[in-house]
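Single-structure report; data block below.
Every chain is numbered from 1, with letters handed out A, B, ... down the list of sequences. Below, each value reflects all heavy atoms present in this structure, side chains not excepted, and no hydrogens, waters or symmetry copies. Values in this document were obtained by computation on a predicted structure and should not be read as measured data.
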Number of protein chains: 2
Amino acid sequence: MGIVERKEREKEEMRKLILEAAQKLFLENGFEKVSIRNIADAIEYSPATIYLYFKDKNELLYGIHNIGFHKMIQEFQPALSLADPFDRLVEMGRRYFRFAFENPEHFDLMFIMNAPMDALACRDDIWDEGRAAFGLLVKCVQDCMNAGVFKYQDAEVAAMMIWSAVHGYTALFLRKRLDMFEESRRKELMEDAFTLFIETIRKGL
Amino acid sequence: MGIVERKEREKEEMRKLILEAAQKLFLENGFEKVSIRNIADAIEYSPATIYLYFKDKNELLYGIHNIGFHKMIQEFQPALSLADPFDRLVEMGRRYFRFAFENPEHFDLMFIMNAPMDALACRDDIWDEGRAAFGLLVKCVQDCMNAGVFKYQDAEVAAMMIWSAVHGYTALFLRKRLDMFEESRRKELMEDAFTLFIETIRKGL
DNA sequence: CTTGTTTACTAAACAGTGTTTAGTAAGTTT
DNA sequence: AAACTTACTAAACACTGTTTAGTAAACAAG
């Protein structure tokens, strides 16, 4: 009597089909320029079908946001296995920015756009993906404290401060607020600001 | 023969009428929920009229973004007249966040949304408002260096690093990425992270 | 004062958008 | 074979930003 199981499998596969077609279109054309109808066309189903698998567009974007987190966590792995906790922290910072730079649409969805958070708020659910990722950072900061690199002792507060600094220039860059600097100066400025931040917390935290 | 002058005045007034009606609606309902038709209704003109005064919606949003910058610069004034340069820097940071908290729609337009930057990019113009505001920060950081508060000597890089840190938690907060912390903890965490950042740069920069 | 021209404005249309509803056809169960 | 359930869709609804063609008033020139 595996019919119900098969149906469930098919349902899951359909969700995946939609999600991956949507992701492909979004990454290719940007979020503003992709509609439910475009996605429906790509998978050769009617637009209404998508609403049988996702409550609304926010829910769909939330699904892609999840894929983004998987990708990011994976790309963080090499950083996490570095021996020195401070090196680990620096490498995590670099990878945060590099991920944003190489996957701007995913990063947008994960940390800037309203849509995925609205989907969560509607179900009044908690942002588990964000919590987990932040947890990685807190752990790393805690290791730095245990190793005596930082004198300050509240790892969560320190992690928040570090996340802010790295997220700040990443978000400003992505939303073109650093375009006021000429391209070569911009790259230099971001690199130097990051290095300066690292040196500052090494001395002052 | 003041006819052409009067016409120019009327044209300017009409722009202002549209801009302020638009701003009012945007601040009341948020940007996602206001259309050109809504604005047209509010001023009792047809939608097409708006396009005689603004190239497109991005241009209109850019206009409101400018009003936001005027407001922000004004609210920065008291900070700028503090005697001690480091106090000045701290107060600027506090006011950056307070402005965002009290004027989230304006802040969004100024530092997060794509629309106003797209309007600039189309005219391939430079972001003067951002440059001017960043200039204030650079000057303040330079004063801190001259006063010997900071040892590091590149004011622009240091300003970039400081802007990043303050913008980071502001943007994360505004885009609901800190909602994973319970409300009271969230306020505390932001406050503590800011204080920690201030203490860290005081010691380490 | 009557022309011709310019200006300011709008009705209506175009080409889209997210989403819902009512209905169909195939698969499954009895 | 009949009844029920599921998966799907055509078409509509109520919007969106934007453009076009046309009108009526304001102005300038003869």
Side-chain angles (χ1 to χ4, degrees), chain A residues 1-19 21-22 25-26 29-64 109 113-119 121-123, chain B residues 1-19 21-22 25-26 29-64 109 113-119 121-123:
Chain A
M1 251 300 184
I3 284 180
V4 57
E5 283 87 346
R6 191 205 64 203
K7 292 239 163 168
E8 219 152 280
R9 237 176 20 241
E10 282 174 355
K11 198 147 191 144
E12 204 48 56
E13 265 167 46
M14 186 65 169
R15 257 187 79 98
K16 215 176 150 187
L17 179 71
I18 295 169
L19 224 39
L25 286 173
F26 283 138
N29 314 326
F31 289 103
E32 318 281 67
K33 280 159 198 150
V34 180
S35 68
I36 299 287
R37 278 173 182 80
N38 295 155
I39 301 165
D41 281 356
I43 57 172
E44 301 180 287
Y45 280 82
S46 98
T49 300
I50 291 172
Y51 288 88
L52 300 173
Y53 296 88
F54 295 92
K55 192 183 139 285
D56 56 23
K57 204 186 182 185
N58 287 348
E59 205 70 49
L60 183 59
L61 289 174
Y62 176 74
I64 300 174
L109 220 35
M113 281 181 66
N114 284 319
M117 293 299 116
D118 290 350
C122 281
R123 313 184 312 213
Chain B
M1 253 299 189
I3 284 181
V4 58
E5 284 86 348
R6 191 206 64 202
K7 291 240 164 169
E8 219 152 279
R9 243 182 8 249
E10 284 176 354
K11 198 146 189 144
E12 204 47 56
E13 265 166 46
M14 187 65 171
R15 257 188 81 97
K16 216 177 147 185
L17 179 71
I18 295 169
L19 223 39
L25 285 173
F26 283 138
N29 314 324
F31 289 101
E32 317 282 67
K33 279 157 198 153
V34 181
S35 68
I36 299 286
R37 278 173 182 81
N38 296 155
I39 300 166
D41 282 354
I43 56 172
E44 300 180 288
Y45 279 83
S46 97
T49 299
I50 291 172
Y51 287 89
L52 300 174
Y53 296 88
F54 296 91
K55 192 184 140 284
D56 57 20
K57 205 187 182 183
N58 287 347
E59 205 70 51
L60 183 59
L61 290 174
Y62 176 74
I64 301 174
L109 221 35
M113 281 180 64
N114 285 319
M117 293 300 115
D118 290 349
C122 281
R123 313 183 315 212

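- The nearest whole Å value for the distance from the CD1 atom in Ile39(B) to the C1' atom in dC9(C) is 18 Å.
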Test log, rule side chain to side chain contact (heavy atoms under 4.5 Å, CB included), inputs Asn38(B) and Asn29(B): CA-CA 11 Å; Asn38(B) 296 155; Asn29(B) 314 324; over 6 Å; no
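- Whole-Å rounding puts the Asn38(B) CG to dT18(D) P distance at 14 Å.
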Side chain to side chain contact (heavy atoms under 4.5 Å, CB included) between Leu17(A) and Tyr45(A), intermediate numbers included: CA-CA 11 Å; Leu17(A) 179 71; Tyr45(A) 280 82; 4.3 Å; yes
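- What separates CZ of Phe31(B) from C1' of dG17(D) is a distance of 17 Å, to the nearest Å.
- Looking at the side chain of Asp56(B), the nearest of the listed nucleotides dT18(D), dG17(D), dT19(D) is dT18(D).
- The side chain of Thr49(A) contributes an N or O atom lying less than 4.0 Å from OP1 or OP2 of dT9(D).
- Remark: C1' of dT10(C) and CD of Glu44(B) are 15 Å apart, rounded to the nearest angstrom.
- For Tyr45(A) and dC8(D), the shortest distance from a side-chain N or O to OP1 or OP2 is below 4.0 Å.
- Counting non-hydrogen atoms of other residues, nucleotides and ligands closer than 6.0 Å to CD of Glu44(B) gives a total of 12 or fewer.
- As a whole-Å value, the separation of Tyr51(A) OH from dT6(D) P is 23 Å.
- Across the protein-nucleic acid pair, Leu60(A) atom CG and dT17(C) atom P stand 14 Å apart, rounded to whole Å.
- Backbone-only contact: Ser35(A) has heavy atoms under 4.0 Å from sugar-phosphate atoms and none from a base.
- Considering only the side chain of Pro47(B), dT18(D) comes nearest among dT18(D), dA11(C), dG18(C).
- The distance between atom NZ of Lys33(A) and atom C1' of dG16(C), rounded to the nearest whole Å, is 15 Å.
- For Arg37(A) against dG16(C), no side-chain N or O and base N or O form a donor-acceptor pair under 3.5 Å.
- At a threshold of 4.0 angstrom between heavy atoms, the contacts of Tyr53(B) are confined to the sugar-phosphate backbone, with no base atom among them.
- The CD1-P distance, from Ile36(B) to dA13(C), rounds to 21 Å in whole Å.
- Mapping Leu52(B) and Val34(A) onto DNA chain C by nearest heavy atom places Leu52(B) closer to the 5' end of the strand.
- The Lys57(B) side chain lies nearest to dT18(D) when the options are dC9(C), dA11(C), dT18(D).
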